[in-house]
Amino acid sequence: MTSVTDTPLPAVTRLIATDLDGTLLRDDKTLSARTVAALTAAEEAGIEVFFVTGRPARWMDVVRNHVQSHGTAICANGAVVTDLRTDGDLLAVRALERDAALHVVRTLREAAPGASFAVEMTTGINYEPSYPPFHLDPGATVAVAEKLLHEDTPGAGAPVLKLLAHHTELAPDAFLALARATAGDRASITRSSPSALLEVSGLGVSKATTLAACCAERGISPDEVVAFGDMPNDIEMLSWAGASFAMGNAHPDVLAAATGRTAANEQDGVALVIERILAARAEGRTEAR
């Protein structure tokens, strides 16, 4: 892995795919003026910018005002594609089957006693009484996961996007390894929180697979994509992209997966690379004259 200044860039960059929390956003969940300027300059140069996040689509106001001609977001770790220029229209949904979600719940209850669960649907999030208090969605239903996933539960017709599993005692990476070993044959399991909070999606659903599908629709190859991330749920995306940058604050496994490293989210690491991309493009135009 190399640094921001010597990591090879694609011959042509057509799309920038960036995670949000811990990557594009500062720790206070805002965008710096430098980052906003870099995103705007990339859009004006004809480079698409995709926000690729574990957040649900309804939590995208942090960047909604900073999209230019595009505005595509891949949310819930690949389960949803949405257009930020609309009122939250979902362009694609890759749901987690309820029987697979129930299998994960039952498996983790046995393998990791004390685990608690939440269910993220297209209509919002519902969670168990023992799940950490959730203040961003006050209208949630509180019940055991088996009931939340039951077909007769109010709102049960809505697609399930993610199952969340939390543990108060296990170390985050140990919980992830345990879940993958015991239930990874039925679902995709990852994490993005510093706590022992797992995110469970449909089998084969990830930031990478949904980004790859979106790029294929646009005729964009992996070699034309530059990606940024900081946590395990970014690893597949960083491995797929032609050039990828782990943030200075990234998880060790992310640092190992990326082709390069940039500054931390608090030091405008994404903006640094975008500025380099645009400078290289301008230099190439000058040399071509």
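Within the 4.5 Å cutoff, no side-chain heavy atoms of Leu91 are placed close to those of Thr82. In this structure, the side chains of Ile220 and Val225 come closer than 4.5 Å at one or more pairs of heavy atoms. Between Ile125 and Pro56, the closest side-chain pair of non-hydrogen atoms is not below 4.5 Å. Using a 4.5 Å heavy-atom threshold, the side chains of Ser188 and Val200 count as separate. The closest side-chain heavy-atom distance from Val81 to Thr210 is below 4.5 Å. You'll find the side chain of Asn77 reaches within 4.5 Å of the side chain of Lys162, heavy atoms only.
Atom CZ of residue Arg14 and atom CG of residue Asp223 lie 12.0 Å apart, to the nearest 0.5 angstrom. The CG atom of Asp230 sits 9.0 Å away from atom OG1 of Thr18, with the distance rounded to the nearest 0.5 Å. Rounding to the nearest 0.5 Å places CZ of Phe117 at 9.0 Å from OG of Ser130. Taken to the nearest 0.5 Å, the NZ atom of Lys207 stands 9.5 Å off from the CD atom of Glu236.
Between Asp268 and Arg26 there is no salt bridge, since no side-chain nitrogen of the basic residue lies less than 4.0 Å from a carboxylate oxygen of the acidic one. For the pair Glu128 and Arg109, the salt-bridge criterion is met [side-chain N within less than 4.0 Å of a carboxylate O]. Ionic pairing of Glu97 and Arg186 is not present here: no N-O contact between side-chain nitrogen and carboxylate oxygen is shorter than 4.0 angstrom. Ionic pairing of Glu120 and Arg58 is present here: one or more N-O contacts between side-chain nitrogen and carboxylate oxygen are shorter than 4.0 angstrom. For Arg218 and Glu224, the salt-bridge test fails: no basic side-chain N is under 4.0 Å from an acidic carboxylate O.
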Evaluate the side chain to side chain contact (heavy atoms under 4.5 Å, CB included) criterion for residues Phe51 and Leu24: first the C-alpha distance (whole Å), next the side-chain angles of each, then the deciding distance (0.1 Å), finally the verdict. CA-CA 9 Å; Phe51 303 112; Leu24 191 72; 3.6 Å; yes

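His167 places a side-chain N or O within 3.5 Å of a backbone atom of Pro113 that can act as its donor or acceptor partner. Remark: side-chain polar atoms of Arg94 are not paired, donor with acceptor, to backbone N or O of Ser201 under 3.5 angstrom.
Here Asp61 pairs with Arg64 under the side-chain hydrogen bond (donor to acceptor under 3.5 Å, both in side chains) rule; sequence neighbours left out.
Relative ring orientation between Phe228 and Phe245 is described as parallel, the plane-to-plane angle staying below 30° on a 0-90° scale split at 30° and 60°.
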